[in-house]
Amino acid sequence: MQFKVAVLPGDGIGLEVAAEGVKVLQAIGNKYGHTFNLQYGLIGGIAIDEEGTALSADTIKMCKSSNAVLLGAVGGPKWDDPQAKVRPEDGLLELRKKLGLFANLRPVKVFPMLVDGTNLKPEVIKGVDFIFIRELTGGLYFGKPKKRWETSRGRKAVDSMVYSEQEIERIVRVGFELAKGRGKKLISVDKANVLESSRLWRQVAMEVAKEYPDIELEHMLVDSCAMRIIQNPKYLDVLVTENTFGDILTDEASMLAGSMGMLSSASLAGVPKNGVNIFGMYEPIHGSAPRRAGLNMANPIATILSVAMMLRYSFGLVKEAQAVENAVDQVLLDGYRTYDIMDEGKTKVGTKEMGDLIADKSGG
Ligand code: IPM
Ligand code: MG
């Protein structure tokens, strides 16, 4: 089969990890007889420098004409001035919005071979396997008013957490659909004891739940969820939550897996159901790590696992996705580690070497 993939490496280590994701995609193409036509574009800081905007109209067009988007990372100290008119992150947020990518899937899986290398007790994290569904185009990130202004008594600023019932309904539905194929339980994370938008969220979740009588719905407050992630992460299976809550909780949860460099994500424009291919953007959950950039150090596994998600959700290539996931397992079992997951007695490799090893196993 033929697929068009837009590749936006972005900034910092984004360039290096995206290259390894592409390497693995090509290896899969060669082995299984698929053609992935790649088109490259700029986003983030590099786009500000070269095109004067964090996301150009051409890049948006290119993404819209593709079957999926692979993204590295955006941002860096060069563009971090709080007074700046345009920020690299604006490009990413605009792209998510323009492409209608409302459902951000972030699986949190603890690899058995990395259990001893984390800060947490092995008995707490062994076997952890859950997935966050983060609402990605609404909530506190996008709500209006959102501004800064001067008053006679000093400066003020506001962000707003806004949700319509339609936005809540479609994201909660993603949660129920995924729960069907997993443990038949959905945890909806909110702050309904304080926030009005969370009370609507909770109410809509209960309404949608009526259509899924086989799935148990549990409500969990976001602060309590933050605690659960550390205290008893095995309790968690499928969770659905607001944009900002999901941003924060998934960074926290990544520490169960040992490193941000292990967590992949899929941002989808529809509800994933069996056999339906959905347009999506695939990116690691980590940032551009400017201090590690250009050193062939970064862990490409999060990006490579994001490629596996692309194969599964946007192309319906389940066998191929599994091949990539198995290759990652095998390379870790063989003892290869990037610096962030390095442990005693293991073999330290760089970004490219890790990519080569996984590409070889995926396509071999
Ligand atoms: C993420 C990142 C982004 C976000 C940034 C880079 C805008 O932290 O994907 O989690 O906040 O959504
Ligand atoms: Mg984040």
Side-chain angles (χ1 to χ4, degrees), residues 8-15 17-18 21 42-48 53-55 59 63 69-82 84 86-108 131-143 146 159-161 163 167 171 189 222 225-226 229 239-257 259-269 280-293 298-299 301-303 305-306 309-310 340:
L8 310 179
D11 305 316
I13 61 166
L15 286 105
V17 295
L42 301 180
I43 190 168
I46 191 168
I48 295 177
T53 161
L55 179 70
T59 301
C63 292
V69 182
L70 179 65
L71 189 130
V74 297
K78 184 176 174 194
W79 308 281
D80 250 354
D81 180 357
V86 50
R87 304 179 52 93
E89 291 80 3
D90 296 340
L92 181 56
L93 298 185
E94 190 188 344
L95 190 59
R96 288 171 177 171
K97 190 79 174 177
K98 289 255 162 75
L99 298 177
L101 305 171
F102 67 91
N104 182 216
L105 275 45
R106 298 188 162 187
V108 180
I131 183 164
F132 259 104
I133 300 145
R134 167 186 175 195
E135 200 291 326
L136 204 60
T137 53
L140 193 55
Y141 272 54
F142 290 94
K146 181 184 202 70
D159 292 282
S160 312
M161 194 182 279
Y163 273 116
E167 285 176 305
I171 194 72
V189 180
V222 61
C225 181
I229 287 173
L239 304 102
V240 62
T241 193
E242 188 268 340
N243 204 343
T244 316
F245 297 163
D247 179 47
I248 298 168
L249 293 174
T250 52
D251 267 28
E252 185 196 353
S254 75
M255 287 299 105
L256 305 175
S259 165
M260 298 254 295
M262 296 300 297
L263 256 62
S264 56
S265 88
S267 304
L268 305 178
M281 177 157 85
Y282 299 84
E283 57 177 309
I285 81 151
H286 63 68
S288 60
R291 285 187 304 125
R292 310 284 181 191
N299 184 351
I301 294 181
T303 307
L305 290 173
S306 302
M309 294 185 90
M310 176 190 292
D340 56 317

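Note that the structure is a prediction, hence the values are computed from the model and not measured. Whatever order the structure lists them in is the order used to number ligands and atoms, beginning at 1.
In terms of distance to the Mg ion (ligand 2), the nearest N, O or S atom of D247 is named OD1.
Between Y141 and E89, every side-chain heavy-atom pair lies at or beyond the 4.5 Å cut-off.
The closest approach between R106 and ligand 1 falls below 4.0 Å for a heavy atom of the residue.
Side chain of T250 to main chain of G246: a donor-acceptor pair is present (N/O by atom type, distance under 3.5 Å, no hydrogens or angles). In this structure, the side chain of E242 engages the main chain of L140 through a donor-acceptor pair within 3.5 Å.
Counting protein heavy atoms only, atom 3 (C) of ligand 1 is closest to R96 NH2, 4.0 Å. Among all non-hydrogen protein atoms, the one lying nearest atom 8 (O) of ligand 1 is D247 OD1, 3.3 Å. At the shortest separation from atom 11 (O) of ligand 1 among protein heavy atoms lies Y141 OH, 2.5 Å.
When only modelled atom types and interatomic distance are considered, S288 and D11 share no side-chain donor-acceptor pair under 3.5 Å.
Residue contacts to the Mg ion (ligand 2): D251 brings no N, O or S atom closer than 2.8 Å.
In this comparison of M260, E89, R87, the heavy atom closest to atom 5 (C) of ligand 1 sits on E89.
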Stepwise, does the side chain to side chain contact (heavy atoms under 4.5 Å, CB included) test hold for V69 with M310? CA-CA 8 Å; V69 182; M310 176 190 292; over 6 Å; no

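Applying the 4.0 Å criterion to heavy atoms of R134 picks out, from ligand 1, the atoms 1 (C), 4 (C), 9 (O), 10 (O), 11 (O), 12 (O).
Screening K97, R96, K98 against E94 for a salt bridge (charged side-chain N to carboxylate O under 4.0 Å, His left out) leaves a single residue, K98.
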